[in-house]
Each structure stands twice: as structure tokens, then as C-alpha cells.
Protein chains: 4
Amino acid sequence: MPRVSEEHLERRRQQILDAAQLCFARKGFHETSMQDIFSESGLSAGAVYRYFKSKDDIIAALATEATVEVRTAMTNALRSDPLPTPAQLIQVIAEHVVERSGPDGPVRLAPQAWALALIDPKAAEYVKDGVRAMRDRWHEYVERMVEVGWLPPDTDIRAVATATVGLVPGFMLQHLIIGDVDPETLARGVQTLLPFGQPTAHSVDT
Amino acid sequence: MPRVSEEHLERRRQQILDAAQLCFARKGFHETSMQDIFSESGLSAGAVYRYFKSKDDIIAALATEATVEVRTAMTNALRSDPLPTPAQLIQVIAEHVVERSGPDGPVRLAPQAWALALIDPKAAEYVKDGVRAMRDRWHEYVERMVEVGWLPPDTDIRAVATATVGLVPGFMLQHLIIGDVDPETLARGVQTLLPFGQPTAHSVDT
Amino acid sequence: MPRVSEEHLERRRQQILDAAQLCFARKGFHETSMQDIFSESGLSAGAVYRYFKSKDDIIAALATEATVEVRTAMTNALRSDPLPTPAQLIQVIAEHVVERSGPDGPVRLAPQAWALALIDPKAAEYVKDGVRAMRDRWHEYVERMVEVGWLPPDTDIRAVATATVGLVPGFMLQHLIIGDVDPETLARGVQTLLPFGQPTAHSVDT
Amino acid sequence: MPRVSEEHLERRRQQILDAAQLCFARKGFHETSMQDIFSESGLSAGAVYRYFKSKDDIIAALATEATVEVRTAMTNALRSDPLPTPAQLIQVIAEHVVERSGPDGPVRLAPQAWALALIDPKAAEYVKDGVRAMRDRWHEYVERMVEVGWLPPDTDIRAVATATVGLVPGFMLQHLIIGDVDPETLARGVQTLLPFGQPTAHSVDT
DNA sequence: CATGAATGAGATTTCATTCAT
DNA sequence: AATGAATGAAATCTCATTCAT
């Protein structure tokens, strides 16, 4: 079936990634055998290995993508005008997370990628990039918080970004592992702590 | 009626767990072979299997313990008098995390346990307990924040706990994966966001 | 009725054999994959399989050729007039061997063909032919040795040919595997043992 | 079955080597699968891999041994008193070769080892050692030939050893591949060429 | 005539676990 | 109680070959 279109090749590649994502989300990187991926994709061993050099290659491709959409959602949200409050921002992100957290959802790969990064130096590279990218978004957001006067001009922006970056994995873990949290609750909690954009903010505190 | 003392048995058991923890911290649950544990512990296969029914049993024992000390540290801190500010509290916890995050440290097991929980229902049970226990501590702390007037009486305590619980895994991931954060920075960020116990709190906001 | 010329077909065939010979000389029959041959020849799988039914076919074609040139050299030398001494003959052959023993040289296929012949009955056929052809040359040479009076008339020609035939593989193995022998040394050794054509021959022996 | 005797371990090791030798002699290194060795030895995969790190390890162990007995036979023969004639010596060796050349005989591994040495640098090491050891024996023999006056005092011993060393592989190849030669014929041929210890030696030549 | 994507059997090796000693 | 030899299923990956285009 040679001399196929570029598009055909890309479709095959995606077919494999889709199958692998389902398998990984269900069984994890290690417990998923290549045979699982062959079966799920409907392709033969040789076919899969034509598109990916190794299982690690497939994992790398997916682990890199796992949180891309969530980050994109965050980027869009934080750049909207007027600046969303922290509660609004986190709610948008949390909703994206929930949407992609079903039994087969790509978000389930994120904790596995974190675990992998502690073990495998190759994986550490790209997982590090992902986490850093997330923190960069928060950094940008905190800058804008300063701009609009929600935080003082002398704010240590990096320090604040470091603190806030935990909101997303914190929600992911609670959602994926315990499963009893929802974006609204999270947003309400954040609004209570960071009552920007509300007249009653921290009134007790004064 | 055993020939050896109860104490001897307990010591052997701990010997195995210590060895396994080092191995797991270095290579992860899956990449660590039982042989690795035999070698590290200096015991034979038969000996290890006398104390633990299976590899999963060892993982369960360790994954349960992984964050126990960090939680204890948190419990102690939040019950001290006067109530620590969020920044003080998180700094104490983060310092405990850092201390236990060396190349062999038990904290490295936590992300692996999270990943495992998504895959293995048995593991999900005890990991869930661990995460819930952490959230319960935050719940208790938020209650006290209300008591001392840092948050309004009608605060949705559960929602705020849900939000704050991410601070610790957020820091752990940044520390373990990227490695460029420290407790002081985190505390400063938290102090900026939640400026309790400081006269200048959110003054920009009014 | 082919669309392309006979010459084109032959050229393609040779192109494949040339590529395969390089691969086989470098990596051996088994370690060379068909993909290696595709790459080296610049042809596609389909193209190669149009000219050769199987990998074994290519091996057969090359293993047959491997020592043809060396045998031709021997034939020419032994038929020259006057009859070369054994030392002269072996030196000519050894020089041909050395010339064809570089990293990619066809002589490197010979030991592989011998090994293959012990395993594969098909290969045994043509390798047997090659070895027999070599022995026939020696047979012819020994006949001429008798003719010129270097060996007695009642010489068991076949027995002598059997003995001498080892000189070439013996040199090949030492040259290919150890690499510290040269045609001159070999010739000197032969001249010492079989001092024909020299006045000092076996003077110790008389 | 632990805490077994040293002897038991050695027996197991030999059991594996014996099985592997049969397999390799019959099918060659590559065509023999590890499964073949498991079956032939009656051991499980795990058992075999306890004693040998890899298939290459087994090959190395056997390829090293393949010609040891033949070399020992040669050593014994050449050191006997009085010095055997070349014909006597080669006949003894050839008989040893024939005895060990049956369908399962270890001598069948020698050509395979030669072929392997051209491809695999690891194998080249030990095969080189084997070939060199063989040449050293011939070197020793040629020295003694000089001592007893069969060759002149100014003989280039190394050159002569280089020439004679081919007698054994030459016979092996003819015997293994064509199968129509026998030690007596070979000895007769050598006697004709190197007529030491006989009154009629090279009489034609004078 | 030529392409090269696809096949799928089969190769080597590892590993958790058992149990005779 | 302790040993460690043995098991054998399963994992990843390769490769000669085919055939639709």
C-alpha cells in the first residue's frame, strides 16, 4: 500500500497515538503491553513500529501532549479581557480538566508522566518542560494581577506563581483519585481566599 | 509459637521495607525488581517472601507510609498556638518535604503512588486514604482560620480546603521534577496571596 | 517481452549483488537485514525481490562468487610457463586474497560460506563445488609438479592436492582473523618446506 | 533446591553447554534458538539464564572450547620422542578432528567461530586467541624440526609455521564440507611433500 | 517496472514467585 | 527460619516477505 499520501501517514500515526492513549489511561504505561496497543489500534506490530521506534517513543509523544490542551485553555483564559479573577480562571481550567478526565481521558496520563519523570531521565526532560510551561502561564497571570492592582507592585511574581501552580495538580489529584471535587467548589474556595473582583473581599480581615 | 522474638520479626520486616524504599525511590515501583530488593536488603528471596506475600504488599506498605511523616508535621504545625499563618504553615511542610526528597527519600514515592492509584484499584484504596487524610488536615486548619477571624464565619470550609490542598503536591512536583523552588520562596508567595498576620494585608485591594 | 533492455536487468541485478556483498562482508549473512541491502543498493524492497526470490538466493549468488576470482588467479598462475614454484604460486594467490580482504572485500564472505555449508544443505551444494574447484586446481598443479620432476612419478596426486589445499584457507584465516601475516612471509615458509627451483633445496636432508 | 553443592552447579553448567553444543553443531549459532537449548537441556529459560548471562556467553564458552582438544592432541603429539614426522603429526591431528566431526561433534563449531570472528569484535578476541594458540603449536614444532636437522638452522620459523598452520583448517574444511578425505590420504600427501624420516626423500629433486 | 506499508511469527531476555533442601 | 535454584509466562522488538497502488 505504498506511495500513500502524507495525510495517510499522519492518520496512521494518530491512530496509534489514540489507541495508546486509551490503553495508557486505562492501564498505565507499564501495565500496557505493546500487544494491547496493537489490538486497540487494529494494527500489526510491524506497522506500529514503523511509526514509533519504541514504546518509550509513544509514551514520550503522549506524555508531552497530555497537558497541552489544559495549558492552552489556561492561556486563553488568562489573556481574556477583563482579567479573570483567580476563581474564574481556575474554574475554567478545572472544567477542562474534568472534561478530559474520563476513564480514557488524556489527563489521566499526567500523574503517570510525573511519576515517570522521577525515574527516567529522558522522560524528566519533557515532563519538566510541561511543568515549567504551566508555571510560566501562572507567572504571566500573576504579572497581570499586579498590573490591575490586585497585588502590590513589589510582588515577588515568581514566588506567587510557585504557590499558585499547585492549584491545578492539587485539583487533578483530588478529582482523579478521590473523585469528590468539582470546579465550582474549587472556585468558591479560591474566591474565599483571593476575593478579588468582589466588594466583600477579606472584609473580616480589616 | 515462634522460635524467634516478635522483635526480631519486626526488625526483619523493617529491614525489607527500608531496602525497598531506597529501591523504589531510585527506580520506581515497576523498574525495581524483587532481586533489587533482595540485594539491597541482604536477604534471600525466601526470607523476603516470608514477611511479605507479594511485591504489591511491599508497595502498599510503603506507599501508605510515604506521606505519613509530612502529614504528621502538618498536624503538629497547625495545632500549635498561636495559629500559624498559611505562609508559616506551608513553609514548615515544605521544609519537611525537602528533607525527605533526596535521591532515596520517601517523598519520591508519593507521585508514584498517585500514578499507581489511577491504575490499580487496590492501590487506589490506600492512596485515596492518604490524600483524604491530607485534605482533612487542611480542613482542620481552615476551621481554625475561621475561628481566629482570618476567614468569615460563613466560609465554605470544604471548598477552601479543596483549594489549599494543592499547595503541597504543587510544591512537591516543582521540587522533585524541576528542582528550582525552595520553601522560602513558596512561603513568600503564599504570604503575598494570603497576607494574614501582617498589617499590610490586601491593602492595595481596598 | 520486457519493456526494459536485458542490459538494464543485468545492471540492476549487479547493483543488488554489489550492495549485498558490502553488507555481508561487513555484518555477515545473518546480521545483514534485507533492509540493509535496500538501503545500500538504493532500491526498494519490491525492486530487490523482483530480481531475487529470497535472501538465501542473494547469499547463494554471492557465496558462489566469493572465491571465483581467487581461483581464476590461481588457474592463470599455475598454467604459466615455466611452472611456478609452490612458493611463487602461493604468493600470487595470497596477494589476490589480501587485495580482496579489505573491510568490504569479497574474501570475507568465504569463511561465512563455509560455516553456512555446515548448516544448510542448499548452501552445502554450492560451497562444496567451490572447495572442490579449488582442490581441482591444486590437483592440476600437483600433476604438473610431477611432470617437471619436482615430485616422483608414482606420487599420489590426490593426496598431495588434499594436503596443499589447506594453504589458502590457512592463510585466509590468519589474515582475516589475526591479521599479522603477509604473502611474502607465507611464500618464504613454503619455499623453506618445498624448496623447488632453488639450488639449496633440502640440502640438510641429503 | 538451594544450597546445592559446587559440583551441582558445575554439572548444571556443563549440562547447558552440552545441550548447546549439540544444537550449535546441528543448526549453527544463529539458527539455534534459546528455546532449542532449553528443550535440549531439559531446563527452563530461567535456569539457563542463571548460568549464562546471554546467548553470546554460551557461544563464547563453546567457541573457545571447540578446538581445545584438537590443540591438546597436537601438543602431546609434537612433544613425543622421537619427534614425529610432519606426516605422523598431521595424521594424529586429523584423526582427532575426524573423531570430533560427527553430526554433533564440537569440531563443527570451529568454522562457525571463524565466521563469527569476522563479524563480532567480542568473538574476534577469543577466536583470535584460539587461532594463535594453534599457530604457536606449529611454531614449537617447526623449532624442533630445526633442532633435529630437518630444516636448516637459519629457517624463518615463523614463516614456516604460518604456512603449515593451514594444514588443519584445510583438512577440516574438506572433511566437513566435502567429506571425501581421510587422515591417511592427508598424511600420505604430506609425506610426499615433506619426506622427512624416509630414505627416499626428495630424491627426484637432486 | 517500482514502491514501501503492512504483516505476524518468532527471537531473546526478565521477573515475580515457589518450594525442596 | 532461611536459602536460592528453578519455573515459565510474558514483554519488547525485528525481519523476511507480500501485494495494493
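Each chain gets a letter, A, B and so on, in the order the sequences are listed, and its residues count up from 1.
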Let me know the distance between [atom1] of [X] and [atom2] of [N], rounded to the nearest Å.
{"X": "B:E31", "N": "F:dA11", "atom1": "CD", "atom2": "P", "answer": "14 Å"}
{"X": "D:L43", "N": "F:dG8", "atom1": "CG", "atom2": "P", "answer": "11 Å"}
{"X": "D:E7", "N": "F:dA5", "atom1": "CD", "atom2": "C1'", "answer": "16 Å"}
{"X": "B:K53", "N": "E:dC19", "atom1": "NZ", "atom2": "C1'", "answer": "18 Å"}
{"X": "A:Y51", "N": "F:dT12", "atom1": "OH", "atom2": "C1'", "answer": "20 Å"}
{"X": "A:H30", "N": "F:dA11", "atom1": "NE2", "atom2": "C1'", "answer": "13 Å"}
{"X": "D:Q15", "N": "F:dA5", "atom1": "CD", "atom2": "C1'", "answer": "13 Å"}
{"X": "A:D57", "N": "F:dT12", "atom1": "CG", "atom2": "P", "answer": "14 Å"}

By nearest atom, which of the nucleotides [options] is closest to the [X] side chain?
{"X": "D:M34", "options": "E:dT18, F:dT12, E:dT12", "value": "E:dT12"}
{"X": "D:L9", "options": "F:dT7, F:dA5, F:dA2", "value": "F:dA5"}
{"X": "A:Y49", "options": "F:dT14, F:dA16, E:dT17", "value": "F:dT14"}
{"X": "A:A45", "options": "F:dG8, F:dT17, E:dA9", "value": "E:dA9"}
{"X": "C:H8", "options": "E:dA16, E:dC1, F:dA6", "value": "E:dC1"}
{"X": "C:S44", "options": "F:dC13, F:dT7, E:dT3", "value": "E:dT3"}

Give, for atom CE of A:M34 and atom OG of A:S39, the distance between the pair rounded to the nearest 0.5 Å. 11.0 Å
How long is the gap from CG on D:D18 to CD1 on D:I37, to the nearest 0.5 Å? 12.0 Å
Only one of C:R108, C:E31, C:E40 passes side chain to side chain contact (heavy atoms under 4.5 Å, CB included) with C:R26; say which it is. C:E40
If you find the nucleotide of DNA chain E closest to D:Q35 and the one closest to C:A47, which residue's nucleotide is nearer the 5' end? C:A47
Heavy-atom nearest nucleotide on DNA chain E for A:R50 versus D:F38: which residue maps closer to 5'? A:R50
What stems, by residue range, does DNA chain E take part in, given at least 3 consecutive Watson-Crick or G-U pairs under 3.5 Å? E:2-21 with F:2-21
Any idea how C:W114 and D:W114 line up, ring-wise: parallel (<30°), tilted (30 to 60°), or perpendicular (>60°)? perpendicular
Between B:F24 and B:F29, what is the ring plane arrangement, given parallel below 30°, perpendicular above 60°, and tilted in between? perpendicular
State whether B:R12 places a side-chain N or O below 4.0 Å from either non-bridging phosphate oxygen (OP1 or OP2) of F:dA2. yes
For B:G42 and for A:F29, locate the closest nucleotide of DNA chain F by heavy-atom distance; then report the residue assigned to the nucleotide nearer the 5' terminus. B:G42
Go nucleotide by nucleotide along DNA chain F from the 5' end; which of A:S54 and C:G46 gets its closest nucleotide reached first? A:S54
Just call it for A:S33: base, sugar-phosphate, or nothing, with non-hydrogen atoms closer than 4.0 Å on any strand. sugar-phosphate
What does A:F52 touch in the nucleic acid at a heavy-atom separation under 4.0 angstrom: a base, only the sugar-phosphate, or nothing? nothing
Can B:K27 and B:D36 be counted as an ion pair, charged N to O under 4.0 angstrom? yes
With a 4.5 Å limit on heavy-atom distance, are the side chains of A:R12 and A:Q15 in contact? yes
Are side-chain N/O atoms of C:Q14 and C:R11 paired as donor and acceptor at under 3.5 Å? no
